[in-house]
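Here the structure comes first, spelled out in structure tokens, and everything after it is commentary.
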Amino acid sequence: MKKFKRYTVTAALPYANGPLHIGHIAGAYLPADTYVRFLRLRGEDVAFVCGSDEHGVAITIGAKKEGLTPREFVDKYHNLMKKAFTDFGISFDIYSRTSNEIHYKTAQDFFKKIYDQGLFIEDTSDQYYDEQEKIFLADRYIVGTCPNCGHPNAYGDQCEKCGTSLSPKQLINPRSTVSGQAPVLRPTKHWYFPLDKFETWLKDWLIEGHKDDWKINVYGQCKSWIDQGLQPRSITRDLEWGIPVPLPDAKGKVLYVWFDAPIGYISATKELKPNDWEKYWKDPETRLIHFIGKDNIVFHCIIFPSMLKAEGSFILPDNVPANEFLNLEGEKLSTSRNHAVWLHEYLEDLPTRKDELRYVLNSISPETKDSDFTWKDYQQKVNSELVAILGNFVNRVMVLTWKYFDGKVPSEHELPGTTDKRKKILASYTQAHTDLNKTVKEMIGALKDFKFREAQFQMMNLARIGNKFLADTEPWKLAKEDMEAVGAILNYALTVVGNISMACEPFLPGAAVSIRRQLNAAAVENKWKEFWTKEELIHTVPQHHQLNPAELLFRNVEDTEIEKQVERLKKKENKPAAAMQENAVKPLKPEIVFDDFAKLDIRVGKVLAAEKMEKSDKLLKLLVDSGVDKRTILSGIAKHYTAEEMVGKQVTFIANLAPRKMMGIESQGMILMAEDADGKLRLIQPNTDVNPGATVS
RNA sequence: GGCGCGGUAGCUCAGGCGGUUAGAGCGUUGGAUUCAUAACCCAAAGGUCGGGGGUUCAACUCCCCCCCGCGCUACCA
């Protein structure tokens, strides 16, 4: 493996439109922090950078919703996240933000450098423009009737009722959500990054070059993406909030948030190391690693590297150990449903349990597949692992040393194997020592491979071996007959405790400090690098050294503690966030006159036959008796109704809608559905049967 | 529908370029023990390795089909 001189480690820039939850932590920040702590302990030169991602339409929408300016809005969430990270102990070297001036310049320079090479494609196309507000409307700012399901308030990028992805021009009767007015089409120019031109290079660099060293889930998704063919991507937007496109003819244009965000890693590094930041981004002997969640894979593995390649002077990511997702109590985390454990709330409720959260999240880290956090599991892991195995081991060694040696480290010398009992002790010692060294090597090997669950397990193994050593040698029995042996045993046990304090630092930084305090081990601190680079047990506590009183590393989690958390979770779900409630009821459409309505021929029909459309997940093909004819209607309801249950049902449909071909079959009408707040579709039916062909008015 | 990743003991997960009785931690049960936050230590029970075919002397591991979960994608008038 290539030897690197230094590391640049990034953790995904969290989007500044809401607080952090444990899914974010488990996905990117905890693994990144664990890895960085490991690197630092080995004495590596590392820059650990992160910051808030503060641009994009979603920010402007969120700001509007909360009645704030975008600036106030991002300030609020930037500060909230920054504090939560600090309080939790994620050890960024810098937590910056993309609204900083230095980032504006960095991003603009980056753009300009590629622009000057003539790489970007310029293209002018018609887009919706709000004449009253004098702005071009981003997709999310336009609502209209969904051409698919008739949902009157579909967004310009997606209909939330039927899930169809849309472009604004497909919407019927589009309206601006800013002014409520109908927007007009206007030509506007944008710049595109020619991703397609990097296909050959990506195949070489990624598909060939990282076949074996990238995680299989990451590699598989990238390969799938590249194989499907790459398209130019637009990298500018018509928007007020963002980084202005640094060109003379680009008034009102900003860089697309996805373009500027990853450059934020570079800006943050510049801010951190104004004089030698380039070493961390341009020296091939620097190892660049991105920690992200799986939603970010394509961006960090394909698009950003292509941008870096295009710019020309930067190094490329050497690895992108993306995690899958974390679920909560068996269900997906959901911001809108408020189904989440928010980091800042956890820290308020359980301020003394930071290591516990780190431990549990790491132990269920979604490294290879989605995983599930439950409070019950949290309690069990804390009680039966942290308390019972690790805390207990450290505590019993401390207590024994105080009891028999007044808290002074016993003398250190070879124990002569003069009796059978002593021979047994020596055998136990040899066994423990061999196991411990092996475990240390495995722990460090796992950390190098980004296998943090495994690494943490090996760290805990040190305590398991320690417990076994005590049980095997039984110093409390020997105290009656052979204090020299007791001293030898406890001297070694204290050595193990000292090594554990070093081993647990990347996983349980709080416990590491506590153990060091108990050992009164200021003298030990400069030994950390030795432990982490020699990869074996080292000598930690000098003989006759005075220890501090024992303190408990962890407390048991009582039932009442987790019951409180579970209840809190349930309560939240019954009471969705305020923002969600606003969303649940869509705003009224502009007024129409009776004649508009009269154009519609709405009727009730009866489904005679139904079948699932082949090769479609959403479409059912219905044969409907409309009274005047039997017609085929395709409807995107397959996720809500099976073909079988549709047969015989009365349905309301639009009878005079122009026929439309879908997947090779012509649909002669449109079934009307009601959409519940949760997105479920339900048929609109008369409350008693009517004859097929009955009109609705 | 296509593509990617996954489906291994009650739970969380290892493993597997085919080859002895499929592993660990936690949980459960039994034993031992008392230095320790009833914790630790020992032992046992517990799995037809998602289902069905196939290749092979031999498959959990390779091939095909199917089912389930997650993600991307197509369709959704």
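A note on names: the letters A, B, ... follow the listed sequences, proteins ahead of strands, and every chain is numbered from 1.
Backbone-only engagement by A:Asp370 is indicated by non-hydrogen atom pairs under 4.0 Å involving sugar-phosphate atoms exclusively. Among the atoms of the strands shown, none is found under 4.0 Å from any heavy atom of A:Thr374. A:Val399 comes within contact range of the sugar-phosphate backbone alone, with a heavy-atom separation under 4.0 Å but no base atom that close. Nucleic acid contact for A:Tyr219: none, since no nucleic acid atom lies under 4.0 Å from a heavy atom of the residue. When heavy atoms are screened at a 4.0 angstrom cut-off, A:Asn556 is found touching base atoms of the nucleic acid.
Look at A:Thr368 and you'll find a side-chain N or O under 4.0 angstrom from OP1 or OP2 of B:rA14. Side-chain nitrogen and oxygen atoms of A:Arg453 include at least one within less than 4.0 Å of the OP1 or OP2 phosphate oxygen of B:rA14.
Map A:Lys451 and A:Ile389 each onto its nearest nucleotide of RNA chain B; the residue landing nearer the 5' end is A:Lys451. Residue-to-nucleotide proximity on RNA chain B shows that, of A:Leu400 and A:Lys294, the 5′-proximal contact is made by A:Leu400.
The neighbour count for A:Lys223 NZ, taken as heavy atoms of other residues, nucleotides or ligands under 6.0 Å away, does not exceed 12.
B:rG69 is paired with B:rC5 under the criterion used here, namely a Watson-Crick or G-U wobble arrangement in which both key atom distances are under 3.5 Å.
One N or O on the side chain of A:Asn323 and one on the backbone of A:Ala26 form a donor-acceptor pair closer than 3.5 Å.
Whole-Å rounding puts the A:Lys332 NZ to B:rC70 P distance at 6 Å.
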